[in-house]
Amino acid sequence: MNSLMLNTDGVQIPQLGFGVWQVPGDEAEQAVRTALEAGYRHIDTAAAYGNEEGVGQAVRACGLPREKVFITTKLWNGDHGRAEQAFDESLARLGLDYVDLFLIHWPVPRQDKYVQAWKALEKIYRDGRARAIGVSNFTVPTLTRLMEETGITPSINQIELHPYLQQREMREFHEANGILTEAWSPLGQGRGLLDDPALAVLSGKYGRTPAQIVLRWHLQLGNVVIPKSVTPARIKENIDVFGFILDTEDMAAIGALNQGKRLGPDPDTFNAT
């Protein structure tokens, strides 16, 4: 399993992880158990997903040493003013002593508390309760303000990213500032991307599924990627992407699919609490 170096004291993050967004709480434990058995060592959850308990149960019961499983969770929007307390509540639900990565889930610019929240995350990091801290769904302006007004540059920014929304400006900004790019909805949420004729051509060429082609594209771009599934066969399929390499021409063919269209909310206006 490939790992990438975060900008935080040599902490490494497995490049391919397992996401549990929209996985019901009562299904999360079994899904994460299946993922860990398949070889995943990076699990991504969030307070807002309502399944931290199931994730924690699976991690504690899997038989792997805690330091072998990278756990991410996230601070929800209504908790920006009480980030430390919310973090403690996440830890309690997970049943863990620390997490490997703690993210601000959305900036919610209208609320204007994300700088306050980030300062609380800096304290959590310095106290050793999160090995690294980062953000999710931040834009160039919100990231820039965060870096200008606080002391620690986020280690990662988790954003919607797939061949139909390639986020080139954000990826270039991240690279220039030592921030890793992490892709959520990397397969386009099953809303037509995997039926694209260009991916069908590549699927035939490499003898791989369209999903495997897209995940391989993410890995070769240098993205951290967190596909989600509750289907055991799909969970295993999604991690079987290290035995082939897309050539330059085929990477460019996928690059040509960009439409700049979001499937999820716009970070500048999303205001759910």
When you measure from the centre of the six-membered ring of F18, is the NZ or CZ of R41 closer than 6.0 Å and no more than 45° off the axis?
no

Regarding R191 and the six-membered ring of Y164, is the cationic atom NZ or CZ under 6.0 Å from the ring centre and inside 45° of its axis?
no

Pair D247 + K205, salt bridge at N-O below 4.0 Å
yes

Y125 meets the ring-ring contact (aromatic ring centres under 6.0 Å, His included) criterion, sequence neighbours left out, with none

Under 3.5 Å, side chain of Q111 to main-chain N/O of N77, donor-acceptor pair present?
yes

Could you check whether E175 pairs with R171 (Lys NZ or Arg NE/NH1/NH2 to Asp/Glu carboxylate O, under 4.0 Å)?
no

Any salt bridge linking R129 with D88? Criterion: basic side-chain nitrogen under 4.0 Å from a carboxylate oxygen.
yes

Please check: side-chain N/O of N7 versus main-chain N/O of G178, any donor-acceptor pairing under 3.5 Å?
yes

Test your reading of the model: is there a side-chain donor-acceptor pair from N157 to the backbone of F138, 3.5 Å cut-off?
yes

Validation row: N2, L219 side chains within 4.5 angstrom (heavy atoms):
no

Between D44 and W21, is any pair of side-chain heavy atoms under 4.5 Å apart?
no

Would you check if V214 and L199 make a side-chain contact, meaning some heavy-atom pair closer than 4.5 Å?
yes

Under 3.5 Å donor-acceptor pairs involving side-chain atoms of residues 221-237, not counting sequence neighbours:
{"residue": "N223", "atom": "ND2", "partner": "H218", "partner atom": "ND1", "Å": "3.1"}
{"residue": "S229", "atom": "OG", "partner": "T231", "partner atom": "N", "Å": "3.0"}
{"residue": "E237", "atom": "OE2", "partner": "T209", "partner atom": "OG1", "Å": "2.9"}

Taking atom CD of E67 as the centre, does the number of heavy atoms from other residues, nucleotides or ligands within less than 6.0 Å exceed 12?
yes

Compare every heavy atom of I71 with every heavy atom of V99, then report the nearest pair and how far apart it is.
CB-O, 3.7 Å

Can you confirm whether more than 12 heavy atoms, excluding those of E169, are under 6.0 Å from its CD atom?
no

Taken to the nearest 0.5 Å, the spacing of L75 CG from Q85 CD works out to 11.5 Å

Closest non-hydrogen atom pair, K119 against E149
CE-O, 3.8 Å

Would the number of heavy atoms belonging to other residues, nucleotides or ligands and lying under 6.0 Å from CG of D97 be above 12?
no

Please check if the side chain of S203 supplies one atom and the backbone of R208 the other of a donor-acceptor pair under 3.5 Å.
yes

Nearest heavy-atom neighbours spanning P186 and L193:
O-CD2, 4.4 Å

Any ion pair linking D9 and R131 (charged N to carboxylate O, less than 4.0 Å)?
no

If you take the centroid of each ring, where Trp contributes its six-membered ring, are Y114 and H105 closer together than 6.0 Å?
no

Got a sec: does the CD1 of I245 have more than 12 other heavy atoms crowding it under 6.0 Å?
no

Do Q189 side-chain atoms and L263 backbone N/O form a donor-acceptor pair below 3.5 Å?
no

